[in-house]
2 protein chains.
Amino acid sequence: MFTPLTYNDVNIINMARRERIPTGQRDSYHHGDLKRALTDAALGLVKEKGPKGFTLREVARRAGVSAAAPYRHFSDKTQLLAAAATLGFIQLHETLSAAAAESADVTEQVLGMGRAYVRWAVTHPDYYQVMFGSELDKGDNPELLTAGLRAFDDLLDAIVRCQAANLLPAGDPREIAGPTWSLLHGMASLTIGTDLSHVGISEDPQVMAERALRRLLFGGT
Amino acid sequence: MFTPLTYNDVNIINMARRERIPTGQRDSYHHGDLKRALTDAALGLVKEKGPKGFTLREVARRAGVSAAAPYRHFSDKTQLLAAAATLGFIQLHETLSAAAAESADVTEQVLGMGRAYVRWAVTHPDYYQVMFGSELDKGDNPELLTAGLRAFDDLLDAIVRCQAANLLPAGDPREIAGPTWSLLHGMASLTIGTDLSHVGISEDPQVMAERALRRLLFGGT
DNA sequence: ACCTGAACACCGTTCAAGT
DNA sequence: ACCTGAACACCGTTCAAGT
């Protein structure tokens with residue numbers, strides 16, 4: 001709605017949807033899709049060891065390729081990480097829009113998206129850390145930026161629907177989306193880092209998020 | 001109030017308050033305080049290059065010592081980073097308690113703390129990233145954990161004062177502190193990562209934080 | 001008790017050379 | 001056009017040896 005799909009998005013989305021080709025079935029990548037194999041391996045490595053244990057050489061090893069090969073497809077380590085983060089944002093976007101589609105009540109749509117946001121984050125902590133914790137230069141990577149914008153647009157759309165129903169004050173929806181996203185991101189990130197539990201807060205982040213959203217947006221009790 | 005000072009805290013706090021001794025003035029650390037010199041160098045390095053460019057060998061170099069020397073004082077790189085993060089939490093705590101002391105109105109105290117929180121975070125992005133972004137095992141480092149708890153207690157105390165004044169619902173203050181901290185942390189962290197501006201939100205995070213806190217806590221408009 | 005020197009097993013990145 | 005091999009300048013960490 002706010003950011004139309006670009007040609008690159010379509011590529012990325014196709015990339016995400018194409019079925020996985022087991023890497024062992026090819027004896028050579030000369031005619032295969034090494035770029036894809038590398039992002040796949042990167043995703044697996046992030047899932048296994050977290051963004052901290054992510055190594056370009058190990059990714060190359062898993063793809064069955066020399067340490068120098070990735071440089072034909074990514075200018076450096078960060079760009080490969082950015083590709084992984086991009087796929088994460090696409091998954092998050094799909095999760096959010098699916099959550100919004102689950103109810104006809106616009107209020108319940110925002111709340112459901114809030115729950116879905118923290119649920120996805122805490123069940124995919126490694127992706128989430130790559131997406132937000134790795135000081136990726138989003139300005140440096142248009143595909144990553146667009147994928148992030150699409151996820152944000154889900155939130156924005158839900159807010160606009162509430163405004164249209166007079167359940168939220170009219171005006172620039174981003175003024176509402178900013179604090180909303182901050183709340184969700186903060187909860188997700190503090191939960192993943194176990195900071196909340198260290199401080200004696202053990203509540204389910206999903207119910208915590210819903211309660212807080214109710215107060216923040218609709219003045220609920 | 002919730003977590004009394006331990007012996008270690010006192011050490012850390014003294015460490016933070018002691019005046020800096022220029023490292024060049026000693027020809028040998030055999031009788032000096034290498035541990036202190038290392039944390040000083042670490043702080044400087046974090047400030048210059050961010051947590052990503054933080055290197056144990058470079059820290060040792062700056063302290064004028066061999067690459068192996070730090071291992072007499074820190075079991076590994078993470079523990080030195082944790083020492084830096086600990087000093088960050090002490091600074092944050094001092095900032096927050098100072099902010100709370102600026103007003104007699106308890107409502108204004110929480111709002112002022114909120115503003116102070118995001119202000120400190122965005123003016124010390126490198127510290128903030130070390131404190132929250134570097135997957136430091138807080139359970140692994142009691143001094144870090146305690147320093148973090150002390151900062152959190154500032155928030156908790158302010159909330160308790162509002163409860164006592166019947167401006168917030170009675171009950172476990174942590175149920176209110178959780179979402180509050182999440183909101184502030186989310187705003188700080190998205191601002192530092194420039195995610196908010198990428199999404200078209202350019203509002204001053206301090207005024208954004210105050211407005212959102214008003215709504216979240218006091219049902220303000 | 002505290003530090004150095006040298007070593008080990010890794011990194012990210014570059015570049016000539018191969019096919 | 002795409003990949004390899006070898007090299008470079010780094011890391012974190014360990015450990016015998018020095019003072």
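First the proteins, then the strands, lettered A, B, ... as listed; each starts at 1.
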Rounded off to whole Å, could you give me the CZ-to-P distance for the A/R72 and C/dG18 pair?
->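 Interatomic distance, CZ of A/R72 to P of C/dG18: 15 Å.
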
Could you check which of C/dT4, D/dT13, D/dC3 has an atom nearest any side-chain atom of B/Y71?
->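 Closest nucleotide to the B/Y71 side chain: D/dT13.
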
Could you tell me whether B/T55 contacts a base, only the sugar-phosphate backbone, or nothing, with contacts defined as non-hydrogen atoms closer than 4.0 Å?
->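 Sugar-phosphate, no base atom in range.
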
Any ion pair linking A/E48 and A/R62 (charged N to carboxylate O, less than 4.0 Å)?
->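 A salt bridge links A/R62 with A/E48.
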
May I ask you to decide if B/G44's main-chain N or O and B/K49's side chain share a donor-acceptor pair within less than 3.5 Å?
->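 No; zero donor-acceptor contacts below 3.5 Å.
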
Interatomic distance where NZ belongs to B/K35 and P belongs to C/dC3 [whole Å] |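 Atom NZ in B/K35 sits about 12 Å away from atom P in C/dC3.
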
The side chain of A/A68 lies closest to which of these nucleotides: D/dT4, D/dG12, C/dG12?
->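 Nearest listed nucleotide: D/dT4.
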
What integer distance in Å separates A/D33:CG from D/dA1:P?
->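 Between P of D/dA1 and CG of A/D33: 18 Å.
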
A/R61 vs C/dC11: side-chain N/O to OP1/OP2 distance below 4.0 Å =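 Result: yes.
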
The dot-bracket string of DNA chain D, counting Watson-Crick and G-U wobble pairs with both distances under 3.5 Å, using [ ] for crossing pairs and | for pairs to another strand, is ||.|||||...|||||.||

Lys/Arg N to Asp/Glu carboxylate O, A/D40 vs A/R36, below 4.0 Å |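 Looking at A/D40 and A/R36, the cut-off is met.
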
Between C/dC11 atom C1' and A/F54 atom CZ, what is the distance in whole Å?
->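 Distance check: A/F54 CZ to C/dC11 C1' gives 13 Å.
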
Are OP1 or OP2 of D/dC11 and a side-chain N or O of A/R57 less than 4.0 angstrom apart?
->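 Looking at the OP1 and OP2 atoms of D/dC11, neither is under 4.0 Å from any side-chain N or O of A/R57.
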
Set of side chain to side chain contact (heavy atoms under 4.5 Å, CB included) partners for A/L145, sequence neighbours left out |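 Side chain to side chain contact (heavy atoms under 4.5 Å, CB included) check on A/L145 returns A/K138, A/L149, B/H198.
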
Can you tell me how far P of C/dG12 sits from CG of A/L38, to the nearest Å?
->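 Distance check: A/L38 CG to C/dG12 P gives 13 Å.
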
Expressed in angstrom and rounded to an integer, what is the separation of A/F74 atom CZ from D/dC2 atom P?
->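 Going from A/F74 (CZ) to D/dC2 (P), I get 14 Å.
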
Is A/H73 near enough to D/dC2 that one of its side-chain N or O atoms lies under 4.0 angstrom from OP1 or OP2?
->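 Looking at the OP1 and OP2 atoms of D/dC2, neither is under 4.0 Å from any side-chain N or O of A/H73.
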
CG of B/L81 versus P of D/dC11: gap in Å, rounded?
->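 B/L81 atom CG is separated from D/dC11 atom P by 15 Å.
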
Under 3.5 Å, is there a donor-acceptor pair between the A/Y117 and A/W181 side chains?
->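 The answer is yes; a qualifying pair exists.
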
Rounded to the nearest angstrom, tell me the gap between atom CZ in A/R36 and atom P in D/dC2.
->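 After rounding, the reported distance stands at 18 Å.
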
Scan residues 173-189 of chain A for pairs that pass salt bridge (charged side-chain N to carboxylate O under 4.0 Å, His left out), counting only residues two or more places apart or in two chains.
->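 Only A/D172-A/R174 qualify under salt bridge (charged side-chain N to carboxylate O under 4.0 Å, His left out).
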
Check the angle between the aromatic planes of B/Y127 and B/H124 and answer parallel, tilted or perpendicular using the 30° and 60° thresholds.
->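 Ring orientation, 0 to 90° scale: perpendicular.
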
